[in-house]
Each structure stands twice: as C-alpha cells, then as structure tokens.
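Have a look at the structure below before the remarks.
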Amino acid sequence: MTSPILRTRPTVPGLRGFALALLIAALALLAGCETPREALGPAEPAGNLEKAEKLAREGEFVLAAREFDRLAIPTRGAMRAQWQLRAVEMLLKANETREAGYRLEHIHVREHGATLIARKQILQSRLLLLQGAHERAIRQLNDAIALSPLPPTVTADILVARAEAEQALNNPFGAIRNLIQREQYLAGKDDVRDNQNRLWKILEDQKRNVLSAQLDITRDRTLAGWVELAMLAQEHLNRPDALRSALERWRQTYPKHPALDGVIDTLLSRAPRLPTRFMRIALLLPLTSDVGSAAQAVRDGFLAAHNNSTDPDKPKIQIYDLGADPAKTPDIYQQAVKDGAQIVVGPLGRQSTDELVRKGNFPVPTVLLSHIDNTESPGSFVFQFGLPPEQEARQAAERAYLDGHRQAAVLYPKTPWGERMKLAFVEHWQKLGGTIRLAQTYDPADTDFSEPVKQLLNIVQGEERLELIKQAVGQRVHFEPRPRQDIDAVFLATDAARGRLIKPQLSFFRARRIPVYATSHIFSGRENALHDIDLDGVLFVDMPWMLIGEGNLKTLRASLQSNWPHAQTDLDRLFALGVDSYAILPHLARLSSDPSARFLGVTSGLSLDPQGRLKRQMLWAQFKRGVPTLIDSGAATRPVLRLEGSAEQR
C-alpha cells in the first residue's frame, strides 16, 4: 500500500478545521493499510555443514556460500574466520569475484596463526587468477608456502593452486612438478589417486614431440617416469597387448615409481575414457529450417574458431544439415557416427535434442547444443551446452541476494518465455532465503507500461485511497505518488526495446532508488548511448564476448569476425556459442573428472555439473549514461581462451 504525499488547498475558509480533521482521519486509515518495510528479512537460521558441502558438490556455490555464512554467525575468532573463508571459496567458484574480493579484505586472520593466513592467501591467489594476474598469484602462493608451521593439508592446497597457476601460464610441466610434490602431503589413497588423475590428464593433453623434448631435459626421476609412461600410452593406444608388454619394461626401469598402483591399473583396464583430442568432429545443425539464421551463426562461430587455430593436427569437421524435421535427427546422428565421427556437436534446438535423447543411443561423446528437462544424464559422455535464459535469471537472483537485498518484486511479460523467467528467478530467490512481494505481468504488445508498473509499486491502491480522501475532504488535493516501501529489488524480464519504456516508468513513479536486475536480453548487443540512456542504472548479466571490448578478447573478435555481417546483434551470442563449442572439446575430460575445473571461454566461465550440463558464470554490467559498464573491474583483464587447444582454467 502506498502513502501518497498530500497537500490540500481549502476552498472555503470556514471549513478549514473540519477538513483538516477529516484529512487526518483519512491519513490514519491510509497509514494503517501500509505494509511496513522489514530490515533485511528475518534472522538467518543456523547453518548446516553437511548441507553446505552437498550444495558445493552439486555446483550450487552461492547457496553453499550462504550456508557457510550461517555457520559463521554464532561463532567468533578463528572458527568464524574459517567459515567466512569457506564462503569466499564458494563465491570464487561461482565467479562472483567482486563480492569475494570485498569479503576477503574484511576477513582478519593475522591473529589466528599461519594456517588461516595461508588459506586466505590461497583464496587471494585464486582471485588474482580469475583476474588474469597469474604471476602475482604465484608470488602470493610462494609467500603462503613459506609460512610455518603449516599442516600437510594446507601445503597440499597451496601446491594444487600453484599447479593451476602454472597451467594458466601455459606451463604444463611446471604444473606437473607441483602435483608431484603435492603427493607427499596427501595421506588418503583417494586423495593420492585424484592427484595422480589430475597430473595424468595434463600429460595426456601433451603432444608426443613435447613429451619427448621434456624427457630429454629432465633430471627428475619421478617426472621422467611419468613422461615416459604418457609416451607409451600414446604409442600403444588401442593395442592392449603391446601396451602390456611395454608397461612391464617400464616397471623394470622405474621399480619404485609412485604411478605403479594408480595410473597403470587405469591404463590396463578396459573402462572407456574421454579422449582429450578428437580428429573427426561432426556438427549437426538445422541450417535449412525456421531457425536457420541461428544455426548458421553457431556454424560460423564454430568454423571461425577452427580456422583460427594454428594447431597443425587440428581435427576435420563435417557438417550435417538437420533440415526442418526434428524426427530425422537420430538417423542423421547415426550416419555421422558411421562416417567416422569421434565426437558429435549438436543438435541445436530443443525438439531435435529431445528426439535424440529419446532414442538414448550415444556411441560416441556428444555435446548437445541445448539443455534437457530430465535431471538424469542421458549418458556418461553426453554434455549439454546451450544458452538457457533460466541460468541468467538464477544468476540475477544470486547477484541481488549478494548485494544485500531480501525482498523482491518481479515484472515479466505475459508469455511462455516470461513465465519461465519468472519461475526461475522466484524459485532460486526463495532457495536463497529471499521473499517475493509481488510478481506482476505486462503485455509485451503495449507501448505504455505505466499501469503494470503502478500495479507493481502499489500506486493504483494509492490513487484509490486518494479518491476517498477527496470525497471526505471536499477539496482539491495535490498528489505525489510514492512507491511501496516493502521491496528493495526488482527483477525485470524484458528485451531492450521494452526495457527502454519500462525503466523510465519506474523512475517516474519514484522507484529510481530501487535497483533493477535483468538478463542479457535487455542489451541489444550494440552500444547505443542515445537509445539506452533510458536504461541507466539497470544491472544485467551477459557474456564476456558482448561486454569486453579491449585486450585479448578484442583481438580475438577481430580475427574471428573480420567479415561476419551480424557482429553486435543478438546473433552474436550464438556465434560465441559456436566458438566455445569448438574450443571446449579438448577440455571435456578435465571438466568431467574435476568438479572444481573451469573453462574460461568467450561465453562465460564454464563448469560441469553432475548431470553433464555446462553451467555458465557470466559477467555483470550496469548501464551508465547509456553504455554497459562492467561492475567487476578485474573482468576486463582476465584471459580468454586460446584456440590452439588450451584455455585458462581455475
């Protein structure tokens, strides 16, 4: 209920006292209808460690951070700092670098000993890695490992972080040396096996000539054994008998090598494993269909990434047109496999994907360019990569929550798309602990959105009360609308054209100070300060490809899109999807085996959840003077993928 600001102009002097009495009574009635503004919601419930760890395993990192925050509330001293650091760890995994950096600055560990000091420095190094400051990250880790005394688990964490930094610097053997050193600080067999698997996957990704050169120069016996083992695995691929004989000779050469109990058993087993290199790729797209322009944009991005690669052994690509009939997709897929495809990328489109999943036959690794509703993975080597808008709505909920808001309103179009966006935001917002005060629809066919905005802000009820006051007072009343006071954030589901009309209405009705969160749909893709000045203040999420116009990404865009006619349009996001669909292929093995692994591509930071869905963690920007401006200043300097077959990782 709104409280309008009222000023009366009495027309009959003798009635002034009576009119004022009636006015006071009316205002009392009005005030009684107003919903009081709550602070930031009720007190947070107690945290649950088991729940926090489960959420982290499921990739719900912001929800996990909330649980660790709740664990910190009733504690003090070192225990409080420990839970706060765990919360920051989750925020970094969610790519919430701004919030993580702010929190790190305010966690005081100096008085709590070397262990917590080192843990904070590890997180600071991970933040620097995300911002592209790799050398600074390594210096930070060197400072951390020099602290004393440190428990073995912390030293192991420092060494794995150093390995990640070395990989980001394209120094794989520096990463391997850190992992070899790390093994001596691990006690459990599972931890040792996981460490060796991480090391082995780096080796698997190296070409034979690189391995041979390293074997010639290394004096480290353990490293030499690992390198020679990787060379044997490559040389005798798909020849198990020859491999078995070669491994026996290797055992005699390296009788005490730590790989004896781990990787060799994996090599000798017949369990299938995901390759890190593919020589024949099939790309399945509905090029001649109603969504042909979207399919062509994905194709163009995929081929641009392929053509830009300088790898002399890059794979061969065969493109299959799915046409307009989704029912033909399974047959075309099987034909691609018969033609020798080692991995299939596609199909693009929900109906074609559903047809393929319904058949349930995936003889080769497959990257579906869509997400499916089924919570079960359709196969161990089946991945789902798309641009579902629900992911963006959930990230909007997380950003609003991390900004301190707890009471939200939703304004969305009365369409199936709008309903999906509303449901995604509301469900995630409530999981985080926020409250939805109102979800208001609007007709996207309208050009005047004042009525739904007034409904959202309770201005309509204020106007109705105004009429009652006018009748009671019998005088002219000056009315200045004031929006409801029980919301502190608005989620706006809209595109750029309608957003330019809706945001000024929110400002007109004095809701200028209520932050508005939106998805990438509110940005047309092309900077236009003259048109987008009406969007000033709106915060929205989008991919690096659309937001970063400098540094490595600017160079990459220029090399990939020199003659592409649809740059900086909505199709540009699909072009970026094609780029990442190609570049991520060598990294699927790493992502599927390491839940903490990240691929920093042009669409977003990508991680893999247990269902095989590639989850996007995108960047946040805000319209300022009509121009999208990155909120996270470090994001503009972060590295982008290298198309020779490696990418930055966390």
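These numbers were taken from a predicted model, which means no experiment stands behind them.
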Under the side-chain hydrogen bond (donor to acceptor under 3.5 Å, both in side chains) rule, collect the residues that match up with [X], sequence neighbours excluded.
X: Asp157; result: Arg119
X: Ser607; result: none
X: Arg103; result: Asp69, Glu99
X: Thr519; result: His521

How long is the straight-line distance from [atom2] of [Y] back to [atom1] of [X], given to the nearest 0.5 Å?
X: Gln121; Y: Asp143; atom1: CD; atom2: CG; result: 6.0 Å
X: Ile73; Y: Trp83; atom1: CD1; atom2: CH2; result: 13.5 Å
X: Leu600; Y: Asn95; atom1: CG; atom2: CG; result: 7.0 Å
X: Met421; Y: Arg394; atom1: CE; atom2: CZ; result: 10.0 Å
X: Thr494; Y: Phe540; atom1: OG1; atom2: CZ; result: 13.5 Å
X: Arg598; Y: Lys93; atom1: CZ; atom2: NZ; result: 7.0 Å

Donor-acceptor check, side chain of [X] to backbone of [Y], threshold 3.5 angstrom: yes or no?
X: Gln395; Y: Met618; answer: yes
X: Asp403; Y: His405; answer: no
X: Gln407; Y: Arg437; answer: no
X: Asp536; Y: Gly626; answer: yes
X: Arg616; Y: Pro388; answer: yes
X: Asp609; Y: Arg613; answer: yes
X: Asp580; Y: Thr603; answer: yes
X: Gln622; Y: Val538; answer: no
X: Lys120; Y: Leu104; answer: yes
X: Arg70; Y: Asn48; answer: no

What is the ring orientation for [X] with [Y], classed by angle as parallel under 30°, tilted 30 to 60°, or perpendicular over 60°?
X: Tyr582; Y: Phe302; value: perpendicular
X: Trp429; Y: Tyr401; value: perpendicular
X: Phe425; Y: Phe491; value: parallel

Residue list, side-chain contact (heavy atoms from CB on, under 4.5 Å) with Arg526, at least two apart or on another chain: Ser524, Gln568
With a 4.5 Å limit on heavy-atom distance, are the side chains of [X] and [Y] in contact?
X: Leu560; Y: Val602; answer: no
X: Glu50; Y: Glu67; answer: no
X: Arg406; Y: Thr435; answer: no
X: Val516; Y: Ile502; answer: no
X: Leu411; Y: Leu438; answer: no
X: Leu591; Y: Leu614; answer: yes
X: Arg198; Y: Val160; answer: yes
X: Leu457; Y: Ile487; answer: yes

Listed partners of [X] passing salt bridge (Lys or Arg N to Asp or Glu O under 4.0 Å), at least two apart:
X: Glu96; value: Arg399
X: Arg573; value: Asp542, Asp570
X: Lys554; value: none

Of all residues at least two apart in sequence or in a different chain, which pass the ring-ring contact (aromatic ring centres under 6.0 Å, His included) check with [X]?
X: Phe61; value: none
X: Tyr412; value: none
X: Phe385; value: none

Shortest non-hydrogen contact between [X] and [Y], atoms and distance:
X: Leu274; Y: Ala589; result: CD2-N, 3.4 Å
X: Gln617; Y: Ala94; result: OE1-O, 2.6 Å
X: Leu141; Y: Ile158; result: O-CG2, 3.7 Å
X: Leu116; Y: Ala81; result: CD1-CB, 4.1 Å
X: Ala64; Y: Ala56; result: CB-N, 3.9 Å
X: Leu150; Y: Ala118; result: CD2-CB, 3.7 Å

CA sep, side-chain torsions, deciding dist, call: Asp495, Ile522, side-chain contact (heavy atoms from CB on, under 4.5 Å): CA-CA 4 Å; Asp495 59 11; Ile522 205 166; over 6 Å; no
For a quick test of your reading: what N or O donor-acceptor pairs under 3.5 Å do the side chains of residues 175-186 make, sequence neighbours left out?
unit_1, atom_1, unit_2, atom_2, d
Arg177, NH1, Phe173, O, 3.4
Asn178, OD1, Arg162, NE, 2.8
Asn178, OD1, Arg162, NH2, 3.2
Asn178, ND2, Gly174, O, 2.9
Arg182, NE, Ala156, O, 2.9
Arg182, NH1, Asn195, OD1, 2.8
Glu183, OE1, Gln196, NE2, 3.4
Glu183, OE2, Gln196, NE2, 3.3
Gln184, NE2, Gln181, O, 3.3

Salt bridge present between Glu89 and Arg126 (N-O < 4.0 angstrom): no
Glu60/Lys54 salt bridge by N-O under 4.0 Å criterion: no
Full working for salt bridge (charged side-chain N to carboxylate O under 4.0 Å, His left out) between Glu398 and Lys431: CA-CA 10 Å; Glu398 292 177 352; Lys431 278 185 182 178; over 6 Å; no
The single option from Glu427, Glu390, Glu392 passing salt bridge (charged side-chain N to carboxylate O under 4.0 Å, His left out) against Arg420: Glu390
Residue Arg136 excluded, over 12 heavy atoms near CZ under 6.0 Å: no
